[in-house]
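Remarks on the structure that follows.
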Amino acid sequence: MGPKVVPKANGVEVTLDETVFPRSVGLAAAYRFLDRCYVRVETRPGKRLLVRLENKDPSAPAARKALAGEFRNELLHQLVRRQLAERTDALRAAIVGRALLSADKALASEAAVPAVASEPLDFRDDPLGIAVPWEEKYGEKRDGRPRKRSGKPKKR
Amino acid sequence: MAGRESVPASRRSASRAGPRVLRLDADIYTEEALERTRRAFAHLAAIDLRREGKRWTVRFARVDPAVADRLPGEFANYALSCRVVGS
């Protein structure tokens with residue numbers, strides 16, 4: 001059910017269904033009008049919320065109509081904003097958590113996420129041949145050439 | 001309206017903001033928000049705040065004439081902002 005709008009002398013009354021627009025959404029939308037309206041919010045039976053907007057400056061009927069439209073737009077804006085905030089809540093908490101932890105180096109090293117390798121590594125692997133003794137690598141030569149190692153890394 | 005402070009007729013007709021008694025829904029306006037608002041507006045009037053059932057009754061006395069018309073409306077706005085920001 002959409003918001004019900006009733007024009008008043010110098011403003012509008014908007015009745016919201018709280019099952020569609022939660023109270024926090026209605027209040028956040030009303031908050032945006034505090035600079036140009038006197039705003040009053042009341043609960044009504046049946047989980048409804050009544051928002052009264054009274055222009056601080058007397059307004060023409062066209063302005064009242066625009067006010068109602070702007071308020072309905074703001075309701076939708078706040079509803080989407082809330083849904084987006086809920087969806088990204090865990091991500092924002094993680095980002096802020098990492099940022100705060102990085103201020104303390106000891107905590108940051110504890111919290112650091114290990115680098116993800118494409119293949120699981122074993123400490124005995126020696127893909128660059130660093131553990132091969134020099135003699136074995138260059139000492140004995142066959143036909144004047146260095147002895148070739150097998151392509152497979154040597155394991156200790 | 002009941003509870004209206006006696007105001008000279010000339011000023012009453014010029015007044016737009018209405019009564020010097022404000023009733024606010026207690027489900028919406030928290031005590032903390034209203035207390036903060038009362039402290040913020042204390043230099044403009046003597047403000048009495050009472051819970052009466054499901055409503056808060058805010059009575060303004062010795063109101064600064066310069067802000068008399070706007071005081072209840074601005075008080076309600078400030079209380080709502082405290083409620084939204086503080087929640």
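Throughout, a chain's letter reflects where its sequence line sits, starting with A, and its residues are numbered from 1. Side-chain atoms are counted along with the backbone in the values below, which use heavy atoms only and exclude waters and symmetry mates.
- Scanning all heavy atoms of the two residues, the minimum distance from Leu80(B) to Leu27(A) falls at CD1-CD2, 3.8 Å.
- Hydrophobic clustering of Ile, Leu, Val, Met, Phe, Trp and Tyr side chains at less than 4.5 Å, counting indirect connections, unites Ile47(B) with Val67(B).
- By the 4.0 Å N-to-carboxylate-O rule, Lys56(A) lies close enough to Glu74(B) to be salt-bridged with it.
- Residues Leu49(B) and Tyr78(B) share a hydrophobic cluster, clusters being chains of Ile/Leu/Val/Met/Phe/Trp/Tyr side chains in contact below 4.5 Å.
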Working for side-chain contact (heavy atoms from CB on, under 4.5 Å), residues Leu34(A) and Val84(B): CA-CA 11 Å; Leu34(A) 291 180; Val84(B) 173; over 6 Å; no
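- One finds the OH atom of Tyr31(A) at 11.0 Å from the CG atom of Asn77(B) (value rounded to the nearest 0.5 Å).
- A single hydrophobic cluster is seen to contain both Phe75(B) and Val85(B), as judged by linkage of ILVMFWY side chains at heavy-atom distances under 4.5 Å, directly or through other members.
- For Arg36(B), the CZ atom is loosely surrounded, since the number of other residues' heavy atoms within 6.0 Å does not exceed 12.
- Note: the hydrophobic cluster containing Phe71(A) also contains Val20(A) (ILVMFWY, side chain heavy atoms under 4.5 Å, direct or indirect links).
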Please test Glu42(A) against Asp27(B) for side-chain contact (heavy atoms from CB on, under 4.5 Å), starting from the C-alpha separation and ending with a verdict. CA-CA 8 Å; Glu42(A) 294 175 13; Asp27(B) 283 343; over 6 Å; no
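- Heavy atoms only, all atoms of each residue included: Val41(A) and Tyr29(B) are closest at N-OH, 3.1 Å.
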